[in-house]
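Each residue takes its place number in the sequence, starting with 1.
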Amino acid sequence: MEQLSILIVMVAALLIPLVMARFNISSVPTAVAEIVTGIILGKSLFGVVTTTEALSLMSTLGVMMLMFLSGMEINFDLFKKQPGAAPNPKSPVNLAMRAFGLVVVSAAILGIILNQVGLFHDVFLATILFSTVALGVVIATLKEKEILGRPAGQTILLTAVLGEVVPMLALTIYASLNGGNASQLWLIVLLFLAAILLLRRFKQPYAWFNKISKATTQLDIRLAFFLIFILVTIAEQVGAENILGAFLAGMVMKLLEPSEATQEKLTSIGYGFLIPFFFIMTGVKLNIRQLFANPRALALIPILVACFILAKLPTMLIFSRRFAKRNAFAGSFLTVTTITLVLPSLQVARNLHAITSTQSDAFVLAAVIVCIIGPIVFNSTYKLEKADLIKQRVVILGTNTVTVPITQQLSKNWYVIRMVTDSEENYKTYNSEVRDLSYLDKVDETTLDQGDYFDTDILVAAFLNDRKNASLALLAKKHGVGRVIASQESPNADQRRISSLKQAGVEIFNSFNVETSVLRSMIESPSIIDLLTDTEAGLFEATIRNQRYAGQELHTLPFIDKITVSRIYRKHKPIAPHGDTILELGDHILFTGAHADAEAARDELRRKN
């Protein structure tokens with residue numbers, strides 16, 4: 001019977017996503033579908049799956065892997081303050097902190113109310129449960145809406161991060177106080193010290209691991225599980241919860257800056273194998289019959305659903321200070337989703353006998369309901385604003401006959417472009433032609449920093465002075481600008497300077513090389529001029545970020561009949577494309593096609609999912 005239960009759970013884990021894809025069920029999180037399936041298979045309905053020792057072990061490994069991957073979801077760059085930037089009360093970090101502060105206050109008030117009316121007596125536990133946010137569900141929903149990297153998406157994301165980290169720490173304190181380990185609470189500091197030590201010790205070796213890792217060793221994956229088990233072990237030894245250790249392990253792994261391939265493998269192991277056991281077994285353990293037989297417990301479900309919603313709605317007051325009221329409401333409802341940490345919290349509470357099984361089941365069902373409602377309300381309510389449609393922010397230093405037309409063209413496509421000139425004559429000439437042109441008497445680190453010009457996605461140094469462009473480009477890299485392009489026009493350019501710029505990650509533009517390449521291409525391939533000047537077709541590029549196409553052969557792309565792939569660059573090395581060329585994440589593809597078809601293909605390849 002034990003082996004049969006494992007087999008049934010594994011078959012269910014395989015069929016759930018297939019059924020959801022077949023019937024186009026995209027608004028319901030997979031985790032919720034797995035819990036509902038567990039309810040159907042468990043003692044609540046058919047009873048074909050029973051809780052066994054092996055399934056309990058797999059469920060425990062699943063929740064640890066879930067917490068580990070949740071820790072890896074945190075983008076620490078969002079918490080970094082831009083050098084020299086003044087505090088911004090409307091920044092995503094400040095808005096998220098104030099929003100979550102309201103959540104905690106609301107959750108505590110609701111916990112007190114439930115205690116006063118005699119429905120639930122543990123105010124501390126209720127506050128933890130009502131303030132949790134399902135980070136994984138929020139990230140998936142924001143990715144689907146393609147606003148994860150936008151101000152609104154970042155604000156909601158950071159609120160969700162706080163809704164997972166803070167309740168996690170509070171749960172550890174709660175377990176220590178109620179488990180008789182209050183005197184050892186200070187030992188939890190050792191867990192954080194261990195995480196810091198592991199991070200410092202493995203920062204350098206990790207780069208070496210990547211070089212020697214082979215398909216048969218997979219050192220990066222072995223390191224990930226080493227971090228999980230060592231921090232889980234330390235957490236249990238100091239009286240903390242094992243899920244806190246797993247969560248810290250994920251944060252350490254994230255700070256080690258693993259490659260996309262490593263993150264993909266860990267995600268595959270987690271969501272493809274271990275985590276479904278946890279969610280399905282959560283449903284199996286629920287006793288819906290007992291819940292329905294208890295009118296008092298049954299009446300608790302709608303009250304808990306209302307509490308989960310009411311605890312998060314005050315965030316709309318904070319979100320509306322920067323975003324439209326409609327979108328602020330939608331964002332508030334997305335933070336209502338709570339399943340990831342609620343389940344482990346209830347498990348801890350049951351182990352401490354701080355909650356009855358009936359109350360626990362009521363909380364789980366309420367969490368499942370809000371996890372369905374939240375994404376549906378968000379997707380149906382949220383409307384993209386202008387800030388969401390902006391592709392990238394660009395700063396161009398220098399005005400001339402090349403940069404001004406480029407600025408005019410890109411501005412039509414929702415790029416936010418700011419131009420800077422140190423020539424008063426150029427400012428007077430181009431000011432009426434460019435939407436955002438600033439004149440600086442002196443363009444240096446101080447003036448650019450004061451004007452927040454380093455707060456951009458792309459910076460182009462295009463003055464007529466190569467040395468000046470090189471210096472500004474290196475300053476931009478120093479201030480953390482992602483992409484920096486420097487013009488180096490001199491025929492006798494200092495090759496050592498160009499080499500140092502490339503080593504710093506600066507991209508070099510030289511019009512002579514461009515013109516030479518175009519002329520050669522025209523001689524070798526006369527049709528190239530049509531591709532470059534035709535308004536109906538163009539040359540496009542895209543870096544594969546969509547996991548859907550990783551591992552596929554080139555000829556299997558659904559849009560391959562509408563584009564022509566001319567070159568693939570993998571790790572900066574060119575690959576001649578063939579129909580059976582297998583694509584990988586991070587491949588840089590050059591292709592041609594009609595604008596509409598090519599742009600659709602480019603967006604599809606770039607989309608992260």
Side-chain angles (χ1 to χ4, degrees), residues 21 24 26 143-150 259-261 264 384 388-392 394 405-415 417 457-458 460 482-483 485 507-509 513-609:
N24 196 25
S26 58
K143 281 183 177 180
E144 183 180 341
K145 206 72 173 179
E146 299 184 357
I147 61 168
L148 186 59
R150 301 304 172 203
S259 65
E260 288 191 11
E264 174 65 19
L384 294 176
D388 299 324
L389 298 172
I390 294 170
K391 295 179 179 178
Q392 286 180 315
V394 183
I406 289 175
T407 299
Q408 293 170 335
Q409 294 171 17
L410 291 179
S411 296
K412 298 176 182 178
N413 294 318
W414 292 104
Y415 283 85
I417 301 184
D457 300 308
I458 302 174
V460 180
R483 288 190 61 198
I485 303 171
E507 302 170 47
I508 305 299
F509 172 79
N513 291 340
V514 173
E515 292 170 0
T516 303
S517 300
V518 171
L519 178 58
R520 187 186 68 189
S521 298
M522 290 178 67
I523 295 173
E524 295 176 347
S525 306
S527 60
I528 190 68
I529 192 64
D530 295 328
L531 293 175
L532 295 176
T533 59
D534 188 4
T535 58
E536 295 299 324
L539 183 64
F540 293 80
E541 62 177 349
T543 300
I544 297 181
R545 302 295 183 195
N546 195 330
Q547 299 170 2
R548 173 184 176 186
Y549 302 113
Q552 283 198 23
E553 294 184 354
L554 184 62
H555 71 89
T556 63
L557 293 179
F559 41 77
I560 193 63
D561 58 327
K562 299 177 181 178
I563 63 173
T564 301
V565 178
S566 57
R567 183 70 66 183
I568 299 176
Y569 287 89
R570 181 171 297 162
K571 296 180 180 179
H572 306 293
K573 294 182 180 180
I575 299 175
H578 301 285
D580 58 355
T581 299
I582 296 178
L583 302 175
E584 295 183 5
L585 287 176
D587 282 356
H588 189 73
I589 298 181
L590 298 181
F591 59 94
T592 58
H595 278 288
D597 295 332
E599 287 179 358
R602 180 178 60 185
D603 292 342
E604 181 67 17
L605 291 170
R606 287 177 173 177
R607 181 179 293 114
K608 289 186 178 182
N609 53 2

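When side chains are defined from C-beta on, Thr581 does not count as touching Val565, because their heavy atoms never get closer than 4.5 Å. Residues Tyr549 and Thr556 have side chains not in contact (no heavy-atom distance under 4.5 Å, counting atoms from C-beta outward).
Nearest heavy atoms, His588 versus Thr543: ND1-OG1, 3.0 Å. The minimum heavy-atom distance between Leu583 and Arg570, with the atom names listed, is CA-NH2, 4.0 Å. Looking at every heavy atom in both residues, Ala598 comes nearest to Ile563 through CA-CG2, 4.2 Å. Contact detail for Pro558 and Arg548: the closest heavy-atom pair is CG-NH2, 4.5 Å. Listed here is the closest heavy atom pair of Arg602 and Ala542: CG-CB, 3.7 Å.
Taken from CD1 in Ile582 to CG in Asp587, the straight-line distance is 11.0 Å, to the nearest 0.5 Å. The CD1 atom of Ile485 sits 6.0 Å away from the CD1 atom of Ile458 when rounded to the nearest 0.5 Å.
When atom types are taken as modelled, the side chain of Asn546 and the backbone of Glu604 share a donor-acceptor pair closer than 3.5 angstrom.
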